[in-house]
Amino acid sequence: MITLIFRIIKYAFLGFIRNFWLSSATLAVMILALIAIQGLLIFGTITKTAVTSLQDKIDISVYFKTTTTEEDILKVKQALESVGEIKTVEYVSREDALLQFKATHKEDPTISQALEELGENPLSASLNIKAKNPKEYPAIAAYLNNESLVPFIDKVSYSQNQLVIERLTKIVDTVKGGGLILTFILVAIAVLVAFSTIRLAIYSNREAIGIMRLVGASNNLIRGPYIAEGIMFGIVAGLISVLIFLPLASFVAPYIKVFIPEMDLSSYLLMNFWSHLGIQLGIGIFLGVISGLIAIRRYLKI
């Protein structure tokens, strides 16, 4: 068995070398396909981080009338916390709102003087509501308009980031769709090129295959090198794609961090290096084996 495996690997390597230029073209296309797949995976991680970051910054602010008691506001808070679409509800009292306002405008003497002259707290207590999913905010806003809450509420406002995240979600969906189409095209091309390479190898070795049949070589020995050659394409392409992608990702990482401070792409790739390498090798081997099996089934009749 070990001897058979050794011979299969040997013949696969010889076939790889014999058709070097075509093998190189096959590797190039498979590498591009694998880089596209890895880029799509990384893009998914980046967009998920970006969306999560923005989701944490958007909310609905519910401002209460100054005549509303703290007891009534806390009852509303408790009722909102029982709503399934709501993630968190933060209570900001009138006193806390004033302190936050003063801290924000401490560099503006005009506002500070105006507050002192006013002699009272003009700000309302509020509840800041975060949804589990940004798409749930319209339903939450509708809930806040029910008759039992209207007597207490002065106004309800969305955060300005709501418009940003809606646009981001649309952009992400569009880019993901385009990325999936591009990846599918590259994978199809990679399979076709690898298939053509193995088919050519079968055609070039047709006399040798005939002799092997005459001397009683097993089917596994005849078929094995072509499957092994496909696996070889996948392994080499997987390794090279990772080696190419890592420097590219490290180069763009600082630019991504400017827009998404929570995303450290370099650290993420280093922490998940082995899993990404495993994914690339797995996909590469799968593409190579599929190409080999298709070629053998169609052109190698045993």
Side-chain angles (χ1 to χ4, degrees), residues 27-59 86-90 100 103-104 128-137 159-187 189-190 231-288:
L27 279 177
V29 176
M30 290 188 73
I31 289 167
L32 287 175
L34 291 175
I35 288 176
I37 292 171
Q38 189 168 21
L40 196 62
L41 293 173
I42 297 298
F43 177 77
T45 301
I46 292 172
T47 52
K48 183 179 179 181
T49 303
V51 171
T52 301
S53 175
L54 282 176
Q55 283 178 354
D56 290 338
K57 295 176 183 177
I58 67 170
D59 57 20
I86 294 176
K87 182 180 179 181
T88 60
V89 182
E90 178 189 7
Q100 292 175 12
T104 303
N128 297 328
I129 304 169
K130 293 185 184 296
K132 294 177 180 177
N133 187 323
K135 295 178 181 178
E136 301 293 346
Y137 280 120
S159 169
Q160 292 181 348
N161 284 331
Q162 178 64 23
L163 179 60
V164 175
I165 200 166
E166 287 177 354
R167 288 178 177 174
L168 178 64
T169 302
K170 291 179 181 178
I171 293 171
V172 168
D173 291 342
T174 301
V175 174
K176 277 186 177 179
L180 284 172
I181 293 172
L182 175 62
T183 301
F184 176 79
I185 292 171
L186 287 172
V187 166
I189 294 173
I231 293 173
M232 190 181 300
F233 285 137
I235 292 174
V236 175
L239 290 172
I240 294 176
S241 68
V242 171
L243 293 176
I244 292 175
F245 191 84
L246 284 177
L248 290 175
S250 298
F251 176 76
V252 302
Y255 300 98
I256 294 174
K257 195 170 181 63
V258 170
F259 294 99
I260 312 172
E262 296 84 357
M263 184 68 201
D264 189 342
L265 184 58
S266 296
S267 297
Y268 170 80
L269 288 173
L270 288 175
M271 290 176 61
N272 297 276
F273 173 79
W274 294 109
S275 61
H276 278 283
L277 178 60
I279 291 172
Q280 292 298 88
L281 290 175
I283 295 174
I285 291 171
F286 174 77
L287 294 178

State which residues pass side-chain contact (heavy atoms from CB on, under 4.5 Å) with Leu281; sequence neighbours excluded, sorted by chain then number.
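Here the qualifying residues are Ile235, Leu239, Leu277.
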How long is the gap from [atom1] on [X] to [atom2] on [Y], to the nearest 0.5 Å?
X      : Y      : atom1 : atom2 : value
Thr88  : Asn128 : OG1   : CG    : 8.5 Å
Ile31  : Gln38  : CD1   : CD    : 12.5 Å
Ile46  : Leu41  : CD1   : CG    : 11.0 Å
Ile35  : Ile244 : CD1   : CD1   : 4.5 Å
Glu136 : Lys130 : CD    : NZ    : 16.0 Å

Restricting to non-hydrogen atoms, name the atom on [X] and the atom on [Y] that form the minimum distance, rounded to 0.1 Å.
X      : Y      : answer
Leu265 : Ala249 : CD2-O, 3.6 Å
Ile86  : Lys132 : O-CE, 3.6 Å
Ser250 : Ser266 : CA-OG, 3.9 Å
Asp264 : Ser267 : OD2-OG, 3.0 Å
Ala237 : Met30  : CB-CB, 3.8 Å
Val242 : Gln280 : CG2-CG, 3.6 Å

Side chain to side chain contact (heavy atoms under 4.5 Å, CB included) evaluation trace for Met263 with Thr45:
CA-CA 9 Å; Met263 184 68 201; Thr45 301; 4.0 Å; yes
Checking Ser275 now: which residues fulfil side chain to side chain donor-acceptor pair (under 3.5 Å) with it, not counting sequence neighbours?
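In terms of side chain to side chain donor-acceptor pair (under 3.5 Å), with neighbours along the sequence ignored, Ser275 is linked to no residue.
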More than 12 heavy atoms of other residues, nucleotides or ligands under 6.0 Å from [atom1] of [X]: is that the case?
X      : atom1 : value
Tyr268 : OH    : yes
Phe251 : CZ    : no
Lys87  : NZ    : no

Checking Phe245 now: which residues fulfil ring-ring contact (aromatic ring centres under 6.0 Å, His included) with it, not counting sequence neighbours?
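Listed in chain order: nothing, the list is empty.
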I want to check something: taking the side chain as every heavy atom from C-beta on, are Val252 and Leu248 in contact at a cut-off of under 4.5 Å?
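Val252 does not reach Leu248 side chain to side chain.
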Taking the side chain as C-beta and beyond, is there a heavy-atom pair between Leu269 and Ile42 under 4.5 Å?
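Counting from C-beta outward, Leu269 and Ile42 do come under 4.5 Å.
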